[in-house]
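This report refers to the structure that appears directly beneath it.
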Amino acid sequence: MRFAVTKVCASGAKARAGLLQIGSSGVETPALLLSTRKGLPAFMSPDLLSSLPLPDSLLLNVCPTHFIEVPPSKTISNIGGLHRMLGLPDHILVAAAGESTECLPSSDATNKFGASFETPAGRKLVKPSDYMELISCLQPNLWASLADEVPAWVNEKRNKTSVERTLRWLDACIALDAASGRNSLGVVVGGSSIEQRKLCATEVSKRNVSGFWIGGFGLGESVEERCSLLNAVTDCLPLEKPRIVSRLGLPEEVLEGVASGIDLFDSTYIYQLTMGGFALIFPIDMVEREMQNGVFDSSAGDSAKINLRATTYRKDMSRIVDGCTCFTCQNHTRAYLNHLINVHEMLAQILLEIHNTHHYLRFFRSIREAIKAGEFDIFWKQFVENRRSQIAAAAM
């Protein structure tokens with residue numbers, strides 16, 4: 001694995017563009033890790049996945065605990081690993097134990113021996129040795145160590161315990177995988193404690209890891225806490241290694257993360273939108289618009305998403321987004337999607353996931369273009385201001 005920072009904002013923000021190279025596959029950052037179920041996005045087959053923008057769609061987040069007993073991990077190993085089983089030899093698979101919707105560790109069941117997860121085989125206590133056996137069978141390109149993630153409301157003592165367990169498990173995982181040469185990601189935890197976050201980030205940086213997985217966000221912290229915690233963590237991490245953050249998926253959250261120096265984002269935002277019948281429509285071409293007095297012209301602004309379940313779209317023969325080049329927008333109308341959703345046809349989720357993924361990958365591309373142009377601060381400010389004005393207008 002090789003990672004290089006290619007551009008850093010000259011202003012106060014720590015936003016940066018980079019290039020992650022694994023084997024023959026290279027992906028520019030900041031970038032999105034596509035959330036998966038059993039190795040693929042929830043409603044996409046490999047042929048549909050290949051229709052998404054390349055190389056942006058090469059990054060997949062897989063959850064090893066999804067593969068406990070179903071199918072047996074040894075079966076996957078005999079096939080030749082997850083790449084071979086999925087038929088995706090060129091994709092970059094990033095494995096992390098914490099999955100944002102179904103496999104969160106339970107702080108009550110987690111103990112010093114391992115983390116507790118809800119798996120297809122029921123709730124399981126996963127020890128470092130169990131976890132590394134899964135990693136060995138799946139053969140991902142990158143793997144994040146086992147971690148004790150805790151919500152924001154726990155006390156300082158629990159935060160301290162979380163950090164101690166995570167560091168101990170990291171050492172155990174690295175030792176168990178020492179001979180393989182696989183690229184590891186050290187997990188940074190510490191709840192809402194800046195002191196424990198800094199301690200964990202500093203200690204993880206001392207280990208032989210290829211990058212950092214910043215966990216424990218999206219678990220009840222306030223927006224103000226999140227910004228302070230993210231900046232405290234990234235200030236303690238070396239500049240030459242990639243940083244991944246989990247569960248920050250809203251556009252505003254992504255922009256906050258980019259401003260703090262995050263390179264990769266893992267979230268189930270697209271999945272949640274798709275399940276709810278929502279389609280993303282917010283403008284993503286701000287960098288390409290002409291600048292007027294140092295501010296982007298946002299006259300074409302619109303709300304972030306639309307609910308295609310609503311009866312207002314029953315006879316709407318327009319595309320979800322004019323000018324969108326995704327398969328869904330090129331071939332189908334809002335009216336057709338409204339029909340599919342309301343008759344509970346699974347094709348609705350397939351078409352929605354294609355569009356939402358395509359749209360969000362273009363959003364990340366727009367972020368990268370803004371950083372390269374030295375205009376990220378303006379992009380961020382204008383995007384947030386547009387969103388606030390749209391929300392205010394909708395409330396009137």
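Here the structure is a predicted model, which means the values were calculated and not measured. Computed over heavy atoms, backbone and side chain alike; hydrogens, waters and symmetry mates excluded.
- In terms of modelled atom types and a separation under 3.5 Å, the side chain of T328 and the main chain of L351 share a donor-acceptor contact.
- Note that CG of L146 is 9.5 Å distant from OG1 of T65, once rounded to the nearest 0.5 Å.
- The closest side-chain donor-acceptor pair between R368 and T29, if any, does not fall under 3.5 angstrom.
- A 4.5 Å side-chain heavy-atom check between T234 and R243 finds at least one atom pair inside the cut-off.
- Note: I68 CD1 to E118 CD = 10.5 Å, rounded to the nearest 0.5 Å.
- Geometric assessment of K124 against the ring of F117 yields a negative cation-pi assignment under the 6.0 Å and 45° thresholds.
- Among residues two or more places apart in sequence or in another chain, the side-chain hydrogen bond (donor to acceptor under 3.5 Å, both in side chains) test is passed with N159 by none.
- Taking the ring-ring contact (aromatic ring centres under 6.0 Å, His included) definition, one finds that F265 meets it with F364, sequence neighbours left out.
- Checked by atom type and distance alone, the side chain of R16 never pairs as donor or acceptor with a backbone atom of K7 at under 3.5 Å.
- Residue R314 places its CZ atom among 12 or fewer non-hydrogen atoms of other residues, nucleotides or ligands, all under 6.0 Å distant.
- Of all heavy-atom pairs spanning L49 and H91, the tightest one is CD2-NE2, 3.6 Å.
- Heavy atoms of other residues, nucleotides or ligands lying less than 6.0 angstrom from CD of Q21 number more than 12.
- A salt bridge links D148 with R158; the closest basic N to acidic carboxylate O contact falls under 4.0 Å.
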side-chain hydrogen bond (donor to acceptor under 3.5 Å, both in side chains) between H83 and N141, worked out: CA-CA 9 Å; H83 285 91; N141 300 103; 2.9 Å; yes
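- Linking Ile, Leu, Val, Met, Phe, Trp and Tyr residues whenever their side-chain heavy atoms come within less than 4.5 Å places I367 and V8 in a single cluster.
- Here the side chains of L308 and F278 are not in contact, with every heavy-atom distance at 4.5 Å or above.
- Between F282 and H359, the ring planes lie perpendicular to each other; the angle is over 60°, past the 30° to 60° tilted range.
- Side-chain atoms of S180 and D177 include a donor-acceptor pair closer than 3.5 Å.
- Side-chain contact check for K14 and N231: at least one donor-acceptor pair (N or O, by modelled atom type) lies under 3.5 Å.
- When all heavy atoms of L219 and V150 are compared, the pair lying nearest together is CD1-O, 3.7 Å.
- Geometric assessment of R197 against the ring of F217 yields a positive cation-pi assignment under the 6.0 Å and 45° thresholds.
- Counting only N and O atoms by type, the side chains of S192 and E221 include no donor and acceptor under 3.5 Å apart.
- Residue K241 qualifies as enclosed at atom NZ: its count of foreign heavy atoms under 6.0 Å is above 12.
- Between E369 and K372 there is no salt bridge, since no side-chain nitrogen of the basic residue lies less than 4.0 Å from a carboxylate oxygen of the acidic one.
- Comment: R226 engages E253 in a salt bridge, judged by a side-chain N to carboxylate O separation of less than 4.0 angstrom.
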From CA spacing to verdict: side-chain hydrogen bond (donor to acceptor under 3.5 Å, both in side chains), T274, Q349: CA-CA 6 Å; T274 301; Q349 281 74 46; over 6 Å; no
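- The residues D266 and R247 are annotated as not salt-bridged, no charged nitrogen and carboxylate oxygen being separated by less than 4.0 angstrom.
- Using modelled atom types and a 3.5 Å distance limit, the side chains of E353 and T357 yield no donor-acceptor pair.
- Side-chain contact check for H355 versus L352: every heavy-atom pair is 4.5 Å or farther apart.
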Residue pair K315, N338: steps toward the side-chain hydrogen bond (donor to acceptor under 3.5 Å, both in side chains) verdict: CA-CA 9 Å; K315 298 181 180 180; N338 171 270; over 6 Å; no
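- Residue A201 comes nearest to S205 through the heavy atom pair O-OG, 2.7 Å, listed as atom of the first residue, atom of the second, then distance.
- Under the 4.0 Å criterion applied to side-chain N and carboxylate O atoms, E69 and K74 are not assigned as salt-bridge partners.
- Between F363 and V254 the shortest side-chain heavy-atom distance falls below 4.5 Å.
- Comment: D235 does not engage K198 in a salt bridge, judged by the lack of any side-chain N to carboxylate O separation of less than 4.0 angstrom.
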